[in-house]
A.B. asks: 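Once you've had a glance at the structure underneath, I'll fire off some questions.
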Protein chains: 2
Amino acid sequence: MGGPRFEPVRTVRAYERVVEQIEEAVESGALTPGERLPSERELMVQFSVSRSTVREALRVLQARGLVRSRPGDPNGAEVLPFSPVALKKSMTTLARVSELSLGELVQFRMVMDAAAVLLAAHRRTEEHLAEMAAAVEAMKAADGAGFGAADVAFHDAVARAGGNKLVEVCTDVVRAVVVGLIEDKLAQTPDQEALMRRSVAHHEDVIAALRAGDGPLAARLTRQSMYDYYAGHLPAEERAALRALLE
Amino acid sequence: MGGPRFEPVRTVRAYERVVEQIEEAVESGALTPGERLPSERELMVQFSVSRSTVREALRVLQARGLVRSRPGDPNGAEVLPFSPVALKKSMTTLARVSELSLGELVQFRMVMDAAAVLLAAHRRTEEHLAEMAAAVEAMKAADGAGFGAADVAFHDAVARAGGNKLVEVCTDVVRAVVVGLIEDKLAQTPDQEALMRRSVAHHEDVIAALRAGDGPLAARLTRQSMYDYYAGHLPAEERAALRALLE
DNA sequence: CCACATTTGTTCGTATGTATA
DNA sequence: TTATACATACGAACAAATGTG
């Protein structure tokens, strides 16, 4: 009794250690995007593991979006600039395993986009406003397909104006997930013309509010617009949960 | 001219096809959590690929949090219930590689926690409120270390009461990142006692607002509390950006 | 344009430690 | 405890792809 307290040893796989070390190098900035990893054969020497182990580690790093390797490339795997694809993938999986309802996703989108405009109201420049206005003009002129793209451009400009990278990425990701889940439904909406017109009007109001520097107003408009756009495709219960954000 | 429009063929790796098929089976519900995949040797027969290819695929699936395999398990890899670990991992990576400032992270935390309380005001039950009250009591009684844990418990209870899984995960993740970046600074804060007392008072006000069902008030209190807690550790410029959320 | 050397993608065989019956 | 099947890990080999001279 009272001897040294030993802790349980968790056996960690060889490939995991390789992943950890390379990941650390990338995240700490020791390896910057565009740089190359040593070849697989060199890595197996440096880590003292077999080539299979090196490959398993590279697959994991690739799945996390940190590196990319191409067959025959003499320069070894390439360190990638950050992209939110892994984040999108996780969120899509989360949604598909249906742990996430469409209502939750739209709710999250309302939160994120409202935050983006709130921040944008304080930092927007004339260039930002011009980008938004151009996107709205494109929405007016667009047919069905172009409308969505212009809408994306608008929200992207808003997010960039907000100046918070995390908000920017999250708005982008959740928008992609929502659109991926619902685009077929939206295409069947009966009165699509009216919906689009109303959406355009909403967006113009948001621009006006941003120009005036009224963040709270812009946020309210954004939430309302999102609600109007998606509520019709949600069951009553989830619609009610969405209204919690409209106060 | 005008012949058939051929699309470029993207060569897809063998392991990718294995990943796709198993992923599809899991996400479609054909494989449910708790079920087992066939053994690696059986998989290599079914997919007509080598053992290494199967293993690379399993690594990717494991990195995405869909399966887990243990050495010696006679049943093969286990299909996991979805957990947000992959999402956490992606978001942590985002924070680390894209060099998010502490100000951006705190800003994001203000947005997420405010959203959580706003939702919680509509859905909180007596149990949720009891959990929060217990956490606050623990904060009062705690020494330095226990205080943080109790604070986590409080915000976790709020997030669960909100009923949006995505909000829950995001609050949790960003809190962990922020705490990881700043905990050493916080420990050196001169008047720590006063800060903790004020934080406790804020939390009690939030509980009262939630009990009254006043979401907007609870959200304002939450943002203010977060601002008070972190603002002292931020440069003036980032502090100003934070105040954009206090309106 | 054509080899050439190198690298990745993939396969196969083998040895070892481990978990279950 | 023994036996069996499994995952882990290693190493050698060949094909396909890529960059270079």
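Protein chains get the first letters and strands the later ones, always in sequence-line order, with residue 1 at the start of each.
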A.B. asks: With sequence neighbours excluded, what pairs up with Arg70(B) under the side-chain hydrogen bond (donor to acceptor under 3.5 Å, both in side chains) test?
C.D. replies: Asp73(B)
A.B. asks: Which residues, if any, of residues 56-70 of chain B bring a heavy atom under 4.0 Å of DNA chain D?
C.D. replies: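 Output list: Arg59(B), Ser69(B), Arg70(B).
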A.B. asks: List in chain and number order the residues that pass side-chain contact (heavy atoms from CB on, under 4.5 Å) with Thr222(B), two or more places apart in sequence or in another chain; answer none if no residue qualifies.
C.D. replies: Asp113(B), Val117(B), Val206(B), Met226(B)
A.B. asks: Can you work out whether Asn75(A) or Gly76(B) has the more 5'-proximal nearest nucleotide on DNA chain D?
C.D. replies: Gly76(B)
A.B. asks: Please tabulate, for side-chain N and O atoms in residues 172-181 of chain B, each donor-acceptor pair with protein atoms closer than 3.5 Å (sequence neighbours left out).
C.D. replies:
residue: Asp172(B); atom: OD1; partner: Arg175(B); partner atom: NH1; Å: 3.1
residue: Asp172(B); atom: OD2; partner: Lys88(B); partner atom: NZ; Å: 2.8

A.B. asks: Under the salt bridge (charged side-chain N to carboxylate O under 4.0 Å, His left out) test, which residues partner Lys89(A), sequence neighbours left out?
C.D. replies: Glu23(B)
A.B. asks: Reading DNA chain D 5' to 3', which nucleotide is the first, and which the last, to come under 4.0 Å of any heavy atom in chain B?
C.D. replies: dC6(D) to dT8(D)
A.B. asks: Using 4.0 Å as the upper bound for N to carboxylate O, is an ion pair formed by Glu56(A) and Arg13(A)?
C.D. replies: no
A.B. asks: Extract from the structure each pairing of a protein N or O with an N or O of nucleotides 13-18 of chain C at less than 3.5 Å, listing the distance.
C.D. replies:
none

A.B. asks: Suppose we screen for ring pair (Phe, Tyr, Trp, His ring centres under 6.0 Å). Which residues come up paired with His155(B), at least two apart in sequence or across chains?
C.D. replies: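 So His155(B) forms a ring pair (Phe, Tyr, Trp, His ring centres under 6.0 Å) with His203(B).
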A.B. asks: Under the rule for side-chain hydrogen bond (donor to acceptor under 3.5 Å, both in side chains), what residues qualify as partners of Glu40(B), not counting sequence neighbours?
C.D. replies: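 Glu40(B) satisfies side-chain hydrogen bond (donor to acceptor under 3.5 Å, both in side chains) with Arg51(B), Arg55(B) only.
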A.B. asks: Listed by chain and number, what are the side-chain hydrogen bond (donor to acceptor under 3.5 Å, both in side chains) partners of Ser28(B), not counting sequence neighbours?
C.D. replies: none
A.B. asks: What integer distance in Å separates Glu42(A):CD from dA5(C):C1'?
C.D. replies: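 Between C1' of dA5(C) and CD of Glu42(A): 16 Å.
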A.B. asks: Taking side-chain hydrogen bond (donor to acceptor under 3.5 Å, both in side chains) as the definition, give me every residue that meets it alongside Glu78(A), ordered by chain and number, with sequence neighbours left out.
C.D. replies: Arg68(A)
A.B. asks: Going by salt bridge (charged side-chain N to carboxylate O under 4.0 Å, His left out), name the residues that satisfy it together with Glu237(A), two or more places apart in sequence or in a different chain.
C.D. replies: none
